[in-house]
Amino acid sequence: MARVELVNIRKSFGALKAVHGADAVFEEGSFTTLLGPSGCGKTTILRMISGLESPTSGDIFIGERRINDVPVHKRNLGLVFQNYALFPHRTIGENIAFGLKYRNISPSDMAQKVKDALDIVRLPKVQDRYPSQLSGGQQQRIALARAIVIEPDVLLLDEPLSALDANLREDMRVELKAIQDRIGVTSIFVTHDQSEALAMSDKIIVMSAGRIEQIGTPEEVYNTPATAFVAGFLGASNMLPARVLGRDASHILLETPEFGQTAVALARAAALGTNRGATLSTGDKALLMIRAEKLTLGPAGGDAPQAVVENVDYQGQLARYFLRIGETRLQAINMIDAAPFLAGQTVSLTLNPNACSALPEDTSA
Amino acid sequence: MSDQSLPADRRPWILLSPALVFITALVVVPMAFILVYSFYENIDLAQDVPAFQFGNWQELLTDSYYRTAIWKTLRLSLIVTGLAAVLGYIPAYVIAMTRYRHKWLLLLLLIIPFWISFIIRTLSWIHIFGNQGALNGLLGLLGLTEAPLSIMYTEFTVIVGFIHVFLPYMILNIYVSLEGIDQNLEPAARTLGATPWQAFREVTLPLSLPGLAAGCLLVFVLTGGSYVTPLILGGPSDFLFGNLVYDAVVTELNWPMGATLSFALLLFLGSVVVLYSKLMGMDQLSKAFGR
Ligand SMILES: Nc1ncnc2c1ncn2[C@@H]1O[C@H](COP(=O)(O)OP(=O)(O)OP(=O)(O)O)[C@@H](O)[C@H]1O
Ligand SMILES: [Mg+2]
């Protein structure tokens, strides 16, 4: 078990820059998720940590040791591949024992360790079968068993659940997290599924186009996204161009054409303590971020801003509304009380300032 | 249920029937003629008497000359197969593993030689190894040799010629099986503690064995059955069993003996194929071709 640190890691494939200067710390025993859209460089980072790819520049530390020049087979890491990568010509028992062969372990210990690993993933009776004789979910667990049986310093998981169907995926997610808690290995998990990331992680690293956008706990990245990209990637949200009217010790005052003046609690203003270091001050252009589920519809009338329902996406308990105020389009997700509002209806909108965030205007997103 | 399953059982035979008709008409029947011919008696040049006697077969089994030929054929086929396996594995591995975007170009390079007649490709070695050939020319130019080295018309040139012609078959067969291996398996082995060489030996090599075996079978059978390459590139003692057939039929005009020898060669190579299918299973071979 060990802590992992990336210091200004860059990786180019020819002209293509896959990772632009990533800094990150993965605490000992923690479960960290790399979250981002396809092609943003998640796998590349994982492969650099595992040694299958070497960084163009920057340093990688595992524990106190710089491992840039340590070959893959000496790094003692467990890597679980997206497609499992079990050895088809070996039995399940041999697959799991594969890594033990290189570790000076007596045959009897080896058998015991294989048995223990199979117990951990709750597949005690499949030793003598071949990978092709197992279901996808079972193969996935064997891949995990094969990676943890060597007692790796770090467990790297590259979208290990993505090949499973939705139900199995949720079960495996719970199980995987339980196993990680039990063995306490430092884990780095790659996914592009935000709900997976929110549910499992101690920390989430949100990436976009080779850059780290934000590092934080699931609550932090969800509630106080540092950039417009993060806000847009995690959950549905509205981003309205705004102007900073002023700030005091606890609040920042934003003005938008749609909602007038909104005082956003500074704790939620992403300007504080983000890795981009942007600070908002009076007169700056900014973005007011409103989560779709924090924008509440009511009957038309009153002082509140009035919007027209353009479309309704009925989802059972919930409805997703596509709204328009003037030329601005908004989304709202509300519980349905009695009956949903209908397309064409005019509604009033209320917004809870405590559930809003202020973001620096982001031209890249 | 049984009413429905009956026509379904017959369907493969219906689909196979055109092929079976052709194979019967063009292979089985001619082979039967050859077998019958092997019992005829040759009394003079090109004069055969229909008969049912075992004189030709007896000669084949008793004359040690034929045994020498079988031994030579076996030995040379094994050498060519072994060398082709080693020489073919490397390019097959490179083509299968490369991240080069235009992989098809590399495969095309393997196919291009087939556009030139194999006889011409074989003859081209005379221009390389001959006394006035490129190699001797170069050595002379560099002043390394006084007189030209005589390289041509030896077992060496025969082996080079065979490998030149048959290597693409080996490469393609190995390539196909390497291509089918999940590219993450070697990295997986390496993260588990295997060195690159161990990862190759434990994972990639065993998984590519079906293709390697199929390539070996093809090259062995193709070499064992050929006569043109030794004819063009070999010396007087570099003959294969196929050359005996050629001599009997074309030079001595002794067709019954030629028929006997061809049938013997067929039995010999056929038993190699049977042995292979016992060891490897024929489905492995079809897998290498079927993808
Ligand atoms: N070996 C390589 N050669 C060239 N380009 C590569 C290579 N590996 C990755 N890339 C490129 O680097 C970028 C990042 O790729 P990476 O595989 O890390 O993305 P990812 O975040 O894992 O995406 P996904 O969610 O689709 O798996 C992509 O643009 C990809 O095309
Ligand atoms: Mg990936």
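Sequence lines set the chain letters: A, B, ... in the order given, protein chains first and strands last, and positions in each chain run from 1.
Taking every heavy atom of both residues into account, A:D109 and A:I105 meet most closely at CB-CG2, 3.4 Å. Across B:A84 and B:V219, no two heavy atoms sit closer than the pair CB-CG1, 4.3 Å. Residue A:V80 comes nearest to A:P160 through the heavy atom pair CG1-CB, 4.0 Å, listed as atom of the first residue, atom of the second, then distance. Of all heavy-atom pairs spanning A:G58 and A:I9, the tightest one is C-CD1, 3.8 Å.
Contacts of A:L77 with chain B are made by backbone atoms alone, with heavy-atom separations under 4.5 Å and no side-chain atom involved. Contacts between A:E94 and chain B at a heavy-atom distance below 4.5 Å are absent for every atom of the residue. Using a 4.5 Å cut-off between heavy atoms, B:E202 touches chain A through backbone and side chain atoms alike. Both the backbone and the side chain of B:N184 come within less than 4.5 Å of a heavy atom of chain A. Contact of A:L86 with chain B is made through the backbone alone, with heavy-atom distances under 4.5 Å. Contact of B:A199 with chain A is not made at all, since no heavy-atom distance falls under 4.5 Å.
Side-chain contact between B:L178 and B:I181: present, with at least one pair of heavy atoms (C-beta onward) separated by less than 4.5 Å.
No other option in B:P206, B:A188, B:A194 has as many heavy-atom pairs under 4.5 Å with chain A as B:A194. Contact tally against chain B (heavy-atom pairs below 4.5 Å) for A:R146, A:R75, A:R47, A:K101: the top residue is A:R146.
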task: Might you work through the salt bridge (Lys or Arg N to Asp or Glu O under 4.0 Å) test for A:E175 and A:R141, ending with a clear yes or no?
output: CA-CA 10 Å; A:E175 214 166 300; A:R141 283 190 245 179; 3.4 Å; yes

